[in-house]
> 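A single structure is presented below for examination.
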Amino acid sequence: MGEAAQQSYPTATLYIVATPIGNVTDISVRALHILGMVDAVACEDTRNTGNLLTRFGLSRPMISAHQHNEREVADKIIVRLLAGERIALVSDAGTPGVSDPGARIVDAVRAAGLRVVPVPGASAAVTALSASGLVNDQFYFIGFLPAKARQRETALLQLLTVSATLVFYEAPHRILDCVEALVGVFQPERQVVFARELTKLFEEIHRCPLSEALAWVKADAHREKGEYVVLLEGAASGGDAEAADAERILNILLAECSVKQAANLTAQITGRKKNALYERALEIKGAQD
Ligand code: SAM
């Protein structure tokens, strides 16, 4: 703590402080120093953050800042910062603004010309990626998929040709829906990584082909609960893989749309030629009739 105390902490500044995603000791020395010295801590849930502060023997005034009041709270925070205060912003877990409230407050504070200082720490996405063993320099953070099945499928179809590792967050109790949707859209050979309850007592990190994913989740009732990051290997580049993806998209869309619409949409998603897709769609339809 000594070194953290010697650093400078400008006034009239909003500090964006990452907090643990499970293991309470995953908090930085700098974060603790800042949480102990700010004039107030803006947080999603005052009870949660109060518990975290208490664990470290800290006590600070709190401001409730959740997704339904971000704009109004931002105005109040700006008034206090203009008066020279230091304010910390935290979310319930991990990094504020990452599938969590915070971005609107940061936007407003920056627009008011005030200083914003990030204090980095845990984020479930990066934690999962670091232990996944998926070798890819690029990742595409999606966060939560839509809850409704049709919208979820549409969102996934748009990701079919992305070559970066895909990173999903899933709400507790929805993992089965998520996996079923992935299985319905992506090639069964793609590798999937389930990062469950990271940094907690029952942490599990499991990697398998998508074809085995449903069986893994169903093999233990506990796996249908808990917090998950799901990583999916990106699309392989090359003629065969891309052609197979186009064929998959065409088949999925043909179940819902006309031959023309399915061919047009597949062309938009994959960048492949509309005419060839139209011919192929006619063949598929012909074989089905
Ligand atoms: N701001 C957080 C971050 O930086 O990762 C994310 C908050 S978001 C509301 C919560 C989601 O993050 C969970 O539904 C889950 O997908 C993921 N998550 C958070 N903690 C996790 C953990 N310990 N293990 C696995 N996933 C976690």
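None of the values given here were measured: they were computed from a predicted structure. First listed ligand is number 1; within each ligand, the first listed atom is number 1.
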> Ignoring hydrogens and angles, state whether a donor on the side chain of R207 or Q191 is under 3.5 Å from an acceptor on the partner side chain.
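Distance-only check passes for R207 and Q191.
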
> Under 30°, 30 to 60°, or over 60°: which ring-plane class applies to F194 and Y228, parallel, tilted or perpendicular?
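Rings of F194 and Y228: perpendicular, over 60°.
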
> Angle between ring planes, F144 versus Y169, binned at 30° and 60°: parallel, tilted or perpendicular?
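Answer is perpendicular, since the angle exceeds 60°.
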
> Count the heavy atoms of every other residue, nucleotide or ligand shown that sit under 6.0 Å from CG of D220, and state whether that count exceeds 12.
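Count over threshold, so yes.
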
> Tell me yes or no: between the side chains of S91 and D100, is some donor less than 3.5 Å from an acceptor?
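Distance-only check passes for S91 and D100.
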
> Could you go through the salt bridge (Lys or Arg N to Asp or Glu O under 4.0 Å) check for R30 and E3 one step at a time?
CA-CA 9 Å; R30 183 163 164 243; E3 268 197 52; over 6 Å; no

> One pair per line, please: each N/O atom of ligand 1 matched with every protein N/O atom under 3.5 Å away, atom names first, then the distance to 0.1 Å.
unit_1   : atom_1 : unit_2 : atom_2 : d
ligand 1 : 1 (N)  : A93    : O      : 3.1
ligand 1 : 1 (N)  : T95    : O      : 3.0
ligand 1 : 1 (N)  : V98    : O      : 2.9
ligand 1 : 1 (N)  : D100   : OD2    : 2.8
ligand 1 : 4 (O)  : T95    : N      : 2.9
ligand 1 : 4 (O)  : S123   : OG     : 2.8
ligand 1 : 5 (O)  : S123   : OG     : 3.3
ligand 1 : 5 (O)  : A124   : N      : 2.8
ligand 1 : 5 (O)  : Y169   : OH     : 2.6
ligand 1 : 14 (O) : E170   : O      : 3.1
ligand 1 : 16 (O) : E170   : N      : 3.1
ligand 1 : 16 (O) : E170   : O      : 3.3
ligand 1 : 16 (O) : Y228   : O      : 2.6
ligand 1 : 20 (N) : E227   : OE1    : 3.4
ligand 1 : 23 (N) : I21    : O      : 2.9
ligand 1 : 23 (N) : L198   : N      : 3.4
ligand 1 : 23 (N) : L198   : O      : 2.9
ligand 1 : 24 (N) : L198   : N      : 2.8

